[in-house]
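These notes concern the structure reproduced below.
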Amino acid sequence: MSNRDISRRAFLQGGLIAGVSVTMAPLGSRAFAALMENSVTVSPQQWMGHDGKARFRNDALSKVCGNKVFARDIRSKDMPGWPQQQGHAMLLKTIKADRIFDGIDLAWLGAELQPDRIVTAEDLDKDGIVFPEAHAPDPLLPRGKVPMFIGHPVAILIWNDFERFRQAKLKMKFNDKAIRYGAQAPLYQGDLYGSFRYVRVGGATSADPDEFSSLKDSILFPMIRERKPVWNQQPNQHGDLTEQGLFYAQKIKEQIDNPPENWLVFDERYKTPSIEPAAMEPDNGNGWYDPASKTLHFVVATQCPFEAAFETAHMIAPSRFGLAKLNMHPGYTVGYGSKDHNIFVYYAALAALYGNGVPVRLANDRYEQFQSGIKRHPFDIRYQLAVDKKDMTFKIFRTEMSVDGGGRINYSPSVAAVGATAAQSIYYMPQNDLQVTAYHSRAVEAGSMRGYGTLQSMAATEMMVDEIAGRLGVDAIELRRVNALKSGMKNTQGAIPAGALRLHEILDKAAAHEWWKTRDARKKEMDAKDPDHWYGVGFAICQKDFGTGSEAPMASIEFDAQGKVHMRHIGIEIGTGMSTSQALVVADFLGKPADEMKTAETEWPELQLLSGEDPYTMSQPTQDEKLRNPRWVGKYASASSATNSAYYFSHATREAARVLFNHGLWPAALEIWRRGPFNGAANPLVVRREDAHWVDGKLTANGLQPLSFAELAQVAHDKGLVTGATVHGFNRWSWAECDYVIDGVRDRLPLDALAVKYGDGAPGVKKAQMNSAGFHLLDRQNVAYPPVQLNNAAVTYYSPVATIVELKVNKGNGEVSVLNHHSWIECGRVLVPELVKGQIEGGTAMGIGHALLEDMPLYEGGPGEGDWNFNRYRLPKAKDVAVWQQSSEILPPLSPSDPSKGIAEVVMIPVVGAISNAVAHAIGKRVRDLPITPARIKEALHG
């Protein structure tokens, strides 16, 4: 779910980080064959049907039979070479943000239940621990300080056995007797996390040059005074870029403050709640520090293993422990983004470090997960939209957004920026001024979560557009049609979205839907039939970006002489089904899916890559200088986040498979077809690469003999052709491109690193070139890297979804019941339809929860105090989501060459706006703050 990268250097050659030797072996790798029995993505049954479609997920049987091992499931006895004893730890937290922390008192536990080790801030300081800067300061609150937030950890408590740990933890649950509080003190005042402004003044049409825009000119950044943004530079059309931007922003404000008679100016506020991701796997880690060898063995649940390894090594390397080796084992995990850039990883590593040779497991229970797990950011939004009352076109869009980031910065700047740049939803805005600021607060830390700021802003946009339609007295879908972006139009940053925009196609389908056409008549009928309820229909549409603007996918595909296809991928299977979809992508060029699929692969020695600059902040000259090194890439690896699997991960998979086909299988096919005098059966025909087709798993072209993959694989190996390819790509809203000479053939590819492997029959001179971990590492030529200026585009890849909802509102208690909902989705070429439908169903349920049910106090009385669980937090159940009625339609691709689009996040967003709009249709009043609770409905009715 994240939309930024941390400014960190990736692995150096040889797997060294800060002088620490780092190895990674995911729990599903060969290193854990005894634990896993086999890779969970090598199904014991044929998951692929003869029709080329998946019969079920390739990890389905492993999941239902309990063989898919999550990091949380691991104990020391499961790990080869670890001691059998398992220690356990917990974080002790202060829950009063207005009192000085004055130390710990555990005497009341009794002598029997005392921890075997207590780790405090003083220990970290004394031992030279350098906690990751991105999660600083004060990972453990020092004595004498006021907490940064409710639930600030003050110590790690470690027990060497489970029973004493269990009993002690039960005694400490729901009380803070262990904390000594000092005097009352003012709340901690943290600096704001980030502030941005996106100003655009377009030309007469979208096709004309912009007068000013973020892409063409610059994003604007304020001065910070007293922890608030101040835009105090003098507006000047001919000054520096900030002055120019403020000049145009001032002109926009003057127009909206003094509108012409034919303008309607909408001006309202919206608020969204803090939300618990509610992933089924709470945060956890299990580690063993072996002081004899100075090695930390670490099992961890994370979406970003490279970042976790980098930060862990740098945290411990300077300390008295003298870390020499880090063996990290990422496990399968689920987190809806909340396992991305998570401070908990480093607490778990520290617990292991202080285990005195005993493996230590730090794992949240549900109360602890509510107390400290990453939350969704609450937004406070002011929207202003000027609309021409005559032709219904949007003229000016202004926003002011305040984002509550909680007690640590995490991804708050990025979430804020993404929320602002997504606010336009599907609409063309000729002029816009989008301001957003993320602030520190004493709430639980907020960070990456499904939706990543766009849920908050786009749901509000759809509520706004519907309300404007009501004020104008026009059809709400027709108002959307008039203002929806068309292909080639610019977004609010001045960038042109990728590909064809099919928004009007979706709007046409929605306008023709029976619920919409008959909504007013049906309301009268339903209200008369059921006098205890009001009936309503609502619609909303949005399009969400996917990717981060700094994507770096890696994949490796090989086939053996018997025709078995083996694949490794950087992506982590976090429940999205990426292991299934990526295995299927291989079939585009190889005619069959991967037989063996390894996800979460972190060792890529064959590419020998270097990286080191923040891809978001480096200058163009810096990038140009770095590119002189053929091993340098803009980013080493992507986390599994930002809905990046369908498009970005598939890019690497497809390009690796393409290399194998073009330089392995196709030459092998020609070798077979040309056997005999005068080039055999191929001689009378014109045989072109573009005429090749896989039919029923066999390759043919121009009517030539169909060849099985096994036949082709054998010849490719016999002739020493290309039989393996490892690739790395880099995307900054555009792909890096380079030339490569592959087996004597020049090829320009959208890749910035490539290594190939030759078949068993290759002559000695070719085999000698495979001296980079068994591969021939190729030097790139004529590098074309995406310009750094494209960072200002903020987004160019979009997926649209629309949803229509039927619901009823109880007149007595104000409760909302969703009766039915239907969604339209356009996601390009669908890799696995069942996975897309599963995303729609799950995402829609999350959206319904956000719209109607899920809410917590931000501060006192909220989850930071440690007594929240699902007994108090309402999640949607089957009855809440119209489980037996809901339906959806996936638009077919325009052509077989359409790329696949990321959809995991966008599917949850339009249902929020649709529900709000349906409630307004039902009760005749607007509720602009989420969730739409019975109390807020009653307030709207009687306010």
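Hydrogens, waters and symmetry mates play no part in the numbers below; they use all other heavy atoms, side chains included.
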Open item on the list: Can a donor-acceptor pair be found, under 3.5 Å and without considering hydrogens, that links the side chain of S213 to the backbone of D210?
Closed with: no
Task: Side-chain donor or acceptor of E243 paired with backbone N/O of D240 under 3.5 Å - done: yes
Open item on the list: Is it the case that the side chain of R748 and the backbone of N782 share a donor-acceptor pair, with hydrogens and angles ignored and the cut-off at 3.5 Å?
Closed with: yes
TODO: Tell me yes or no: between the side chains of S414 and Y452, is some donor less than 3.5 Å from an acceptor?
DONE: yes
Open item on the list: For Q384, run the side-chain contact (heavy atoms from CB on, under 4.5 Å) check against T399, I256, I396 and tell me which one passes.
Closed with: I256
Open item on the list: For H822 and W515, take the angle between the two ring planes, folded into 0 to 90°, and tell me which bin it lands in: parallel under 30, tilted 30 to 60, perpendicular over 60.
Closed with: perpendicular
Open item on the list: Within the 4.5 Å heavy-atom criterion, are R928 and E268 side-chain neighbours or not?
Closed with: yes
- [ ] Show the numbers, then the answer: is there a side-chain hydrogen bond (donor to acceptor under 3.5 Å, both in side chains) between D466 and H921?
- [x] CA-CA 10 Å; D466 220 68; H921 183 233; over 6 Å; no
Open item on the list: Is it the case that the side chains of T803 and S823 hold a donor-acceptor pair, with the cut-off being a distance below 3.5 Å and no angle test?
Closed with: yes
Open item on the list: Which label fits Y797 and Y648: parallel for a plane angle under 30°, tilted from 30 to 60°, or perpendicular past 60°?
Closed with: perpendicular
Task: Least distance between heavy atoms, I915 atom then A851 atom - done: CD1-CB, 4.0 Å
Open item on the list: Could you check whether any side-chain heavy atom of Y740 comes within less than 4.5 Å of a side-chain heavy atom of Q781, counting everything from C-beta outward?
Closed with: no
- [ ] Could you tell me whether the side chain of I909 reaches within less than 4.5 Å of the side chain of T454, counting heavy atoms only?
- [x] yes
Open item on the list: Looking at every heavy atom in both C827 and I890, which two are closest together, and how far apart are they?
Closed with: SG-CG2, 4.1 Å
Open item on the list: Under a 4.0 Å threshold between the charged nitrogen and the carboxylate oxygen, would K635 count as salt-bridged to E551?
Closed with: no
Open item on the list: Test your reading of the model: is there a side-chain donor-acceptor pair from H850 to the backbone of L455, 3.5 Å cut-off?
Closed with: no
Open item on the list: Under a 3.5 Å cutoff, is there a donor and acceptor pairing between the side chains of S650 and T653?
Closed with: no
Open item on the list: If I take atom CG from residue L220 and atom CD from residue Q233, how far apart are they, to the nearest 0.5 angstrom?
Closed with: 9.0 Å
Open item on the list: Distance check, rounded to the nearest 0.5 Å: S799 atom OG versus E905 atom CD?
Closed with: 10.0 Å
Open item on the list: Distance alone, cut at 3.5 Å: any donor-acceptor contact between the side chains of S895 and S897?
Closed with: yes
- [ ] Using a strict 4.0 Å threshold on nitrogen-to-oxygen distance, state whether K389 and E261 make a salt bridge.
- [x] no
- [ ] Grab the two heavy atoms, one from N644 and one from A639, that are nearest each other, plus how far apart they are.
- [x] ND2-O, 2.8 Å
TODO: Quick one: sort the W632 and Y785 rings into parallel, tilted or perpendicular, breaks at 30° and 60°.
DONE: tilted
Task: Criterion side-chain contact (heavy atoms from CB on, under 4.5 Å) on S402 and T437, from CA distance to verdict - done: CA-CA 5 Å; S402 293; T437 302; 5.6 Å; no
Open item on the list: For a 4.5 angstrom cut-off between non-hydrogen side-chain atoms, does T421 reach L434?
Closed with: no
TODO: Answer yes or no: is there a side-chain heavy-atom contact under 4.5 Å between N432 and R398?
DONE: no
Task: Check: N483 side chain, M392 main-chain N or O, donor-acceptor pair, under 3.5 Å - done: yes
Open item on the list: Pairing donors with acceptors under 3.5 angstrom, does anything connect the side chains of D340 and Y411?
Closed with: yes
Open item on the list: Working to the nearest 0.5 angstrom, can you tell me the gap between Y198 OH and D433 CG?
Closed with: 12.5 Å
- [ ] Kindly give the heavy-atom pair with the smallest separation between V482 and T393, and that separation in Å.
- [x] CG1-CG2, 4.0 Å
- [ ] Measure the CG-NZ distance between D898 and K901 for me, rounded to the nearest 0.5 Å.
- [x] 7.5 Å
- [ ] Report the distance from atom CD of E462 to atom SG of C542, rounding to the nearest 0.5 Å.
- [x] 7.0 Å
Task: Which atom of A793 lies closest to which atom of W733, heavy atoms considered - done: CB-CD1, 4.1 Å
Task: Of R197, R382, R269, the residue whose pairing with E400 passes salt bridge (charged side-chain N to carboxylate O under 4.0 Å, His left out) - done: R382
Task: Shortest non-hydrogen contact between S206 and K490, atoms and distance - done: OG-N, 2.9 Å
TODO: Could you check if a side-chain atom of V801 sits within less than 4.5 angstrom of a side-chain atom of W824, using non-hydrogen atoms only?
DONE: no
TODO: Take Q623 and R732 through the test side-chain hydrogen bond (donor to acceptor under 3.5 Å, both in side chains) and record every step on the way to the result.
DONE: CA-CA 13 Å; Q623 176 171 283; R732 184 189 287 124; 3.0 Å; yes
Task: Pairwise side-chain contact, S448 with H341, heavy-atom cut-off 4.5 Å (strictly under) - done: no
Task: Worked verdict on I541 versus I477 for side-chain contact (heavy atoms from CB on, under 4.5 Å) - done: CA-CA 9 Å; I541 183 173; I477 291 182; over 6 Å; no
TODO: Could you tell me whether the side chain of W516 reaches within less than 4.5 Å of the side chain of F539, counting heavy atoms only?
DONE: yes
Task: salt bridge (charged side-chain N to carboxylate O under 4.0 Å, His left out) assessment of E254 paired with K251 - done: CA-CA 5 Å; E254 289 170 358; K251 285 184 62 177; over 6 Å; no
TODO: Look at the side chain of T844 and the backbone N and O of I840, then say whether any donor-acceptor pair between them is shorter than 3.5 Å.
DONE: yes
TODO: Could you walk me through whether D588 and R654 pass the salt bridge (charged side-chain N to carboxylate O under 4.0 Å, His left out) test, one step at a time?
DONE: CA-CA 7 Å; D588 286 355; R654 188 169 283 113; 3.0 Å; yes
Task: Exam field: side chain N236 to backbone Q244, donor-acceptor pair closer than 3.5 Å - done: no
- [ ] Go through the steps to decide whether E467 and R471 satisfy the test salt bridge (charged side-chain N to carboxylate O under 4.0 Å, His left out), and finish with yes or no.
- [x] CA-CA 6 Å; E467 186 169 355; R471 294 186 186 184; 3.0 Å; yes
TODO: Give me the one residue out of R519, K517, R480 that meets salt bridge (charged side-chain N to carboxylate O under 4.0 Å, His left out) with D475.
DONE: R519
Task: S487 side chain vs L501 backbone, donor-acceptor pair below 3.5 Å - done: yes
Open item on the list: Could you measure the distance from the CD atom of Q431 to the CD1 atom of I252? Nearest 0.5 Å is fine.
Closed with: 5.0 Å
Open item on the list: Donor-acceptor check, side chain of N410 to backbone of S412, threshold 3.5 angstrom: yes or no?
Closed with: no
Open item on the list: Main chain of I804, side chain of H513: is a donor-acceptor contact present, judged purely on distance under 3.5 Å?
Closed with: no
Task: Residue pair H728, V633: steps toward the side-chain contact (heavy atoms from CB on, under 4.5 Å) verdict - done: CA-CA 9 Å; H728 181 281; V633 292; 3.7 Å; yes
- [ ] Identify the residue among Y193, F379, Y439 that makes a side-chain contact (heavy atoms from CB on, under 4.5 Å) with V403.
- [x] F379
Task: Residue of the set Y270, Y383, Y427 for which side chain to side chain donor-acceptor pair (under 3.5 Å) holds with T461 - done: Y383
